[in-house]
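Note sheet for the following structure.
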Amino acid sequence: MNSTIQKIREQFEQALVAAFGSDLEGTDPILVPASNPKFGDHQSNVAMSLAKRLGKAPRAIAEQVIQHLDVSEFCEPPTVAGAGFINLTFKTSYLEEQLRCVQADPRLGVAPIEPPKRAIVDYPSPNIAKEMHVGHLRPSVIGDCIARILEFLGYEVLRLSHVGDWGTPFGMLIAYLREAYPEALKSDENLDLEDLASFYRHAKKRFDQDAAFQDAARLSVVQLQAGEEETLRAWKIVCDLSNRTNQRIFDLMGLSPLIIRGESFYNPFLPDVIEELDRLALLVEDSGAKCVFLKGFTNKEGDPLPLIVQKSDGGYNYATTDLAAIRYRVNVDKVDRVVYPVGAEQTNHFAQIFQVGKRAGWITDDVEFVHTPLGSVLGEDGKKLKSRSGEAIRLEDMLNEAIAHARTDLENRLKEEGREETEEFIKHSAQVIGISAVKYADLSQNRTSNYVFSYDKMLARQGNTAVYMLYAYVRTCGISRKGNIDFEKLGSDCPVVLKEDEEFVLAKHLLRLDEILSIIDADLLPNQLCQYLFELSQKFNQFYDRCTVLDAEEPIRTSRLVLCDLTARTIKLGLSLLGIPVLERM
RNA sequence: GAGGAUGUAGCUCAAAUGGAUAGAGCGCCUGUCUUCGAAACAGGAAGCUGCAGGUUCAAAUCCUGUCAUCCUCGCCA
């Protein structure tokens, strides 16, 4: 309906000029969805906003506007209500026609963006020396979702896994391995990441307690950056191993394939970054470190804050890498948009590197670099989620626990209903439901706020959960099974006939998919898609409850089958954009 | 000290460039399964949108102040 709304908006603009003269050319008609269904489908709030400017009463302005407004192709005659609201209601015949179009469209009425654009979603992936933990849940899930939505909208999307495969933690690890297990670096075989994870903890302990060890760790970083052979060899082994392990978790989560382009990828470009910043006279040496002093950022003394791009020991840090990445993405990848779904605590960091990127002329007005800040995952105590021993919870453990919860729920349910299902069915269903529950719980809340992680709530039988939507989809499948109807063979020109309130409500909601996706394209808040799908499922359930499908008379029966098919396809597509599959039965 | 985020029903959260009576879900109370799968549906109670000012026809939304919680602030990422 985006194009319809656009046409109505144009009609408003013409009507405003016709009614009040060319001064009002380009006036925004303030056309928004109706605040309440009883007012119709859309409303224009323009009359109130013009009252002062035109020196007239809003209601009089509204009356004058609708006299010149021709939306008869789409809507019933507009009405004026309240303070001067202009209310629009779609014609039934127009809705029915739109439904036929959507029915025939594999994209369900969502037009691809024109012209196509290139986008990068930067997955803030794990440090390669550590296992994935709870902190990686939101970036992975939300990043994957944003990538899927942008791709569907017509972007060419590069999913870049910006793994931490370089830098100080790595040096610390190598230093510790050299110190405690020198032989481990010489053979590839008996290393697994479980060992490295505990190695990391030990190394961190050593690092925190011993200044000499800190020096050794920093030296290892320098050796790594210098390309010292043995160090590089150890590095490669660990990277491969780590990536394999992470891939297993990504597969379990159902994430789209990623391009691994870690921090090390940008190593060759780091000197260029420094050089160019220097040439642009942005670089200042301070206490031996090369810095760019930032505008709008101060330290505790009120002095300008530096962004350090080369440390006093000659090493680079993550700001340098991120700047090199910005430069590469603009110059080589030639992207229009780069999205960083990263924790809100890094807001300053991104503001800083974007500022430097702009001042260096890499980020121009026609390229959008955007940090989409993410809130934290909290425990039931309202504090950052941690294991009982105070460490970060392993992501894989969380996922498996969700699957186990889902399995228990399903088995109890089968017992209650006296159903027999195969092990394969139970296993597959539990996995889909468990993983989907975790992802949906994460996606359904505004990404900027913290949320409380609870297996019981995310897997609840009632409420705004993945299960609710999966069940609505299962119900559509039930109709197709029971009626022995293949939705795909319904054809693309089946007449839709809207009569009952529930049919209208469902139909209008179905037609809003493209509008919702456009909004998400702009603000990158996937929770709005969750909200849309939840409401769609609710409206379908109401329809299902009150409008019998299979026993209805023709042509109502076929019309309702089309509504079921459209609902099923919309849920399936919507969930797929969230990274969630559907089940035919559950 | 500076910058930023958050604060909405008992709980978890929505609210599209400021719009009509601030909405859902959970929990609580009451109904509905011989009828397309009840993991569902219908109804009810529940709010000074942290607090105080201001801007305007209109404020959860914008501005100022204030309180609370959280994050960040020179060589970790």
Side-chain angles (χ1 to χ4, degrees), chain A residues 28 30 32-36 38-39 43 45 48-49 51-52 57-58 81-85 87 124 127 164 166-169 172 207 263 286-291 296-302 305-313 315 317-319 321-322 343-349 351 373 375-376 382-384 409-410 413 417 433 441 444-446 448-452 454 457 460-465 467-468 470-472 474-483 515-516 518-519 522-523 525 527-528 531 534-535 538 541-542 544-552 560 564 585-586:
Chain A
D28 184 349
I30 317 183
V32 294
S35 59
N36 187 317
K38 76 180 182 189
F39 300 131
Q43 64 184 54
N45 303 328
M48 284 85 76
S49 72
K52 184 165 279 183
F85 300 95
N87 290 334
N127 191 292
W166 211 253
T168 308
M172 185 172 82
F207 188 85
E263 294 173 352
D286 192 89
S287 314
K290 291 183 178 160
C291 318
F297 293 90
T298 55
N299 62 18
K300 287 172 187 165
E301 284 73 43
L305 197 68
L307 182 72
I308 294 175
V309 292
Q310 189 167 17
K311 299 186 285 182
S312 49
D313 66 3
N317 57 20
Y318 74 122
T321 308
D322 283 346
E345 58 272 15
Q346 293 202 47
T347 300
N348 282 351
H349 169 68
S376 303
K383 294 182 177 168
K384 272 199 178 183
D409 286 355
L410 181 59
R413 190 176 166 74
E417 297 180 353
I433 293 169
S444 61
Q445 320 223 345
N446 188 311
T448 58
S449 52
N450 300 341
Y451 78 98
V452 175
S454 158
K457 282 189 179 159
R461 295 184 173 197
Q462 289 91 19
N464 184 6
T465 60
V467 172
Y468 185 88
L470 290 171
Y471 182 65
V474 163
R475 278 182 142 180
T476 65
C477 295
I479 289 177
S480 132
R481 265 197 307 276
K482 177 85 180 247
E515 189 186 337
I516 299 301
S518 293
I519 292 170
D523 62 22
L525 290 169
N527 60 299
Q528 295 174 116
Q531 186 67 28
F534 177 56
E535 287 173 6
Q538 278 184 316
N541 278 330
Q542 289 159 0
Y544 183 93
D545 208 50
R546 278 167 248 167
C547 300
T548 170
V549 177
L550 294 175
D551 293 338
R560 288 182 177 168
C564 289
R585 297 192 303 121
M586 62 192 278

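Protein chains get the first letters and strands the later ones, always in sequence-line order, with residue 1 at the start of each. These numbers come from the heavy atoms of this one structure, side chains and all, not from hydrogens, waters or symmetry mates.
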Give a yes/no on whether any side-chain N or O of A:K311 is located under 4.0 angstrom from OP1 or OP2 of B:rC76. yes
Which is true for A:L525 with a 4.0 Å heavy-atom rule: it touches a base, it touches only sugar-phosphate, or it touches nothing? nothing
Side chain of A:S287 - closest among B:rC75, B:rA42, B:rU12: B:rC75
In this structure, how many angstroms lie between the C1' atom of B:rC26 and the OH atom of A:Y468, rounded? 14 Å
Of the listed B:rC75, B:rA20, B:rU17, the closest approach to the A:V32 side chain comes from B:rU17
Check every strand shown and say whether A:F297 touches a base, only sugar-phosphate, or nothing at a heavy-atom separation below 4.0 Å. nothing
Write down the distance between CG (A:N464) and C1' (B:rG25), rounded to a whole number of angstrom. 6 Å
Measuring from the side chain of A:F534 (C-beta onward, heavy atoms only), which nucleotide among B:rG37, B:rA24, B:rA20 has the closest atom? B:rA24
Is there a side-chain contact between A:C564 and A:V549 in this structure, where contact means two heavy atoms from C-beta onward sitting under 4.5 Å apart? yes
Between A:R475 and B:rA39, is there a side-chain N or O to OP1/OP2 distance below 4.0 Å? no
If we call it a pair only when both distances are under 3.5 Å in a Watson-Crick or G-U wobble match, what pairs with B:rA45? none
Can you identify which nucleotide, out of B:rC36, B:rC13, B:rG74, has its nearest atom closest to the A:I308 side chain? B:rG74
Got a donor-acceptor contact below 3.5 angstrom from the A:N299 side chain to the A:L305 backbone? no
Which one is paired to B:rC26, where only Watson-Crick or G-U wobble pairs with both distances under 3.5 angstrom count? B:rG10
Using the P atoms only, state how far B:rA40 lies from B:rA5, rounded to an integer number of Å. 38 Å
I want to confirm an ordering. Mapping A:T298 and A:D523 to their closest nucleotides on RNA chain B, which one lands closer to the 5' end? A:T298
Rounding to a whole Å, what distance do you find between A:E345:CD and B:rU69:C1'? 16 Å
Round to the nearest Å and state the distance from A:L550 atom CG to B:rG37 atom C1'. 12 Å
Find out whether A:I30 and A:S49 are in side-chain contact, i.e. whether some heavy atom of one side chain is under 4.5 Å from a heavy atom of the other. yes
NA contact type, A:N45, heavy-atom cut-off 4.0 Å: base, sugar-phosphate, or nothing? base
Residue A:K300, side-chain atoms from C-beta onward, closest of B:rC75, B:rC41, B:rG1: B:rG1
State which of B:rA38, B:rA77, B:rC75 makes the closest approach to the side chain of A:R413. B:rA38
Stepwise, does the ring-ring contact (aromatic ring centres under 6.0 Å, His included) test hold for A:F534 with A:Y468? CA-CA 8 Å; A:F534 177 56; A:Y468 185 88; 5.1 Å; yes
Using a heavy-atom cut-off of under 4.0 Å over every strand shown, decide if A:Q538 touches base, sugar-phosphate, or nothing. sugar-phosphate
Proximal nucleotide (of B:rG37, B:rC73, B:rC75) relative to the A:N299 side chain: B:rC73
Determine the contact category for A:D28: base if any of its heavy atoms lies under 4.0 Å from a base atom, sugar-phosphate if only primed atoms, P, OP1 or OP2 are that close, otherwise nothing. base
Rounded distance in Å - CG (A:L307) to P (B:rC75): 12 Å
Quick one: which of B:rC11, B:rC13, B:rG4 gets closest to the side chain of A:Q445? B:rC13
What is the nucleic acid contact for A:L305, judged by heavy atoms within less than 4.0 Å: base, sugar-phosphate only, or nothing? sugar-phosphate
Atom NE2 of A:H349 and atom C1' of B:rC76 are separated, to the nearest Å, by 12 Å
Does the side-chain ring of A:F85 sit on the six-membered ring of the B:rG19 base, less than 5.5 Å centre to centre and under 30° in tilt? no
What distance do A:S35 atom OG and A:F85 atom CZ have between them, rounded to the nearest 0.5 Å? 6.5 Å
Tell whether A:S35 reaches the base of B:rA20 with its side chain through a donor-acceptor pair below 3.5 angstrom. yes
B:rA60 - base-pair partner by Watson-Crick or wobble geometry, distances under 3.5 Å: none
Is there a donor-acceptor pair under 3.5 Å between the side chain of A:R475 and the backbone N or O of A:Y544? no
A:K38 atom NZ is separated from B:rG23 atom C1', nearest whole Å, by 14 Å
Indicate whether OP1 or OP2 belonging to B:rA40 is found under 4.0 Å from a side-chain N or O atom of A:Q462. yes
Nearest-nucleotide pick for A:N446, side chain only, options being B:rC76, B:rA38, B:rA15: B:rA15
For B:rA16, does either OP1 or OP2 sit under 4.0 Å from a side-chain N or O belonging to A:Q528? no
Examine distances only and state if a side-chain atom of A:N317 and a backbone atom of A:I308 form a donor-acceptor pair shorter than 3.5 Å. yes
For atom P, what is the distance between B:rA39 and B:rC33, given to the nearest Å? 15 Å
Take A:R461 and A:S312, find for each the nucleotide of RNA chain B with the closest heavy atom, and name the residue whose nucleotide sits nearer the 5' end. A:R461
How would you label the glycosidic angle of B:rC41: syn (within 90° of 0) or anti? anti
Any donor-acceptor pair under 3.5 Å between the side chain of A:Q43 and the base of B:rA20? yes
Identify whether any heavy atom of A:L470 sits under 4.0 Å from a base atom; if not, whether one sits that close to sugar-phosphate; answer base, sugar-phosphate or nothing. nothing
Classify A:V549 by what it touches in the nucleic acid, base, sugar-phosphate, or nothing, heavy-atom distance under 4.0 Å. base
Could you tell me the Watson-Crick or G-U partner of B:rA16, where both distances fall under 3.5 Å? Say none if there is no partner. none
When all nucleic acid strands are considered with a 4.0 Å heavy-atom cut-off, which category describes A:G483: base, sugar-phosphate, or nothing? nothing
Which nucleotide in the list B:rC41, B:rA38, B:rC75 gets nearest to the side chain of A:Y471? B:rA38
For A:Q462, check side-chain contact (heavy atoms from CB on, under 4.5 Å) against everything at least two apart and list the hits. none
Is a donor-acceptor pair below 3.5 Å formed from side chain A:N87 to base B:rA20, judging by atom type as modelled? yes
Under a 3.5 Å limit on both distances, the Watson-Crick or wobble mate of B:rA2 is B:rU72
Separation of B:rG31 C1' from A:D545 CG (nearest whole Å): 13 Å
Hey, does A:N541 reach any base, or is it just sugar-phosphate, or nothing, if we go heavy atoms under 4.0 Å? sugar-phosphate
Touch check for A:A81, heavy atoms < 4.0 angstrom, all strands: base, sugar-phosphate only, or nothing? base
Give a yes/no answer on whether the side chain of A:Q531 brings an N or O atom under 4.0 Å of OP1 or OP2 in B:rG25. no
No-hydrogen, no-angle side-chain donor-acceptor test under 3.5 Å, A:E535 and A:Q531: yes
side-chain contact (heavy atoms from CB on, under 4.5 Å) with A:V467: which residues, sequence neighbours excluded? A:I433, A:T465, A:M586
Heteroatom pairs (N/O) under 3.5 angstrom, protein to nucleotides 56-63 of chain B:
from   : atom 1 : to    : atom 2 : distance (Å)
B:rC57 : OP1    : A:K52 : NZ     : 2.9
B:rC57 : OP2    : A:K52 : NZ     : 3.4

Looking at A:Q445 and A:N527, would you say the former's side chain and the latter's main chain have a donor-acceptor pair under 3.5 Å? no
If we ignore angles and hydrogens, is there a donor and acceptor under 3.5 Å between the side chains of A:Q43 and A:N45? yes
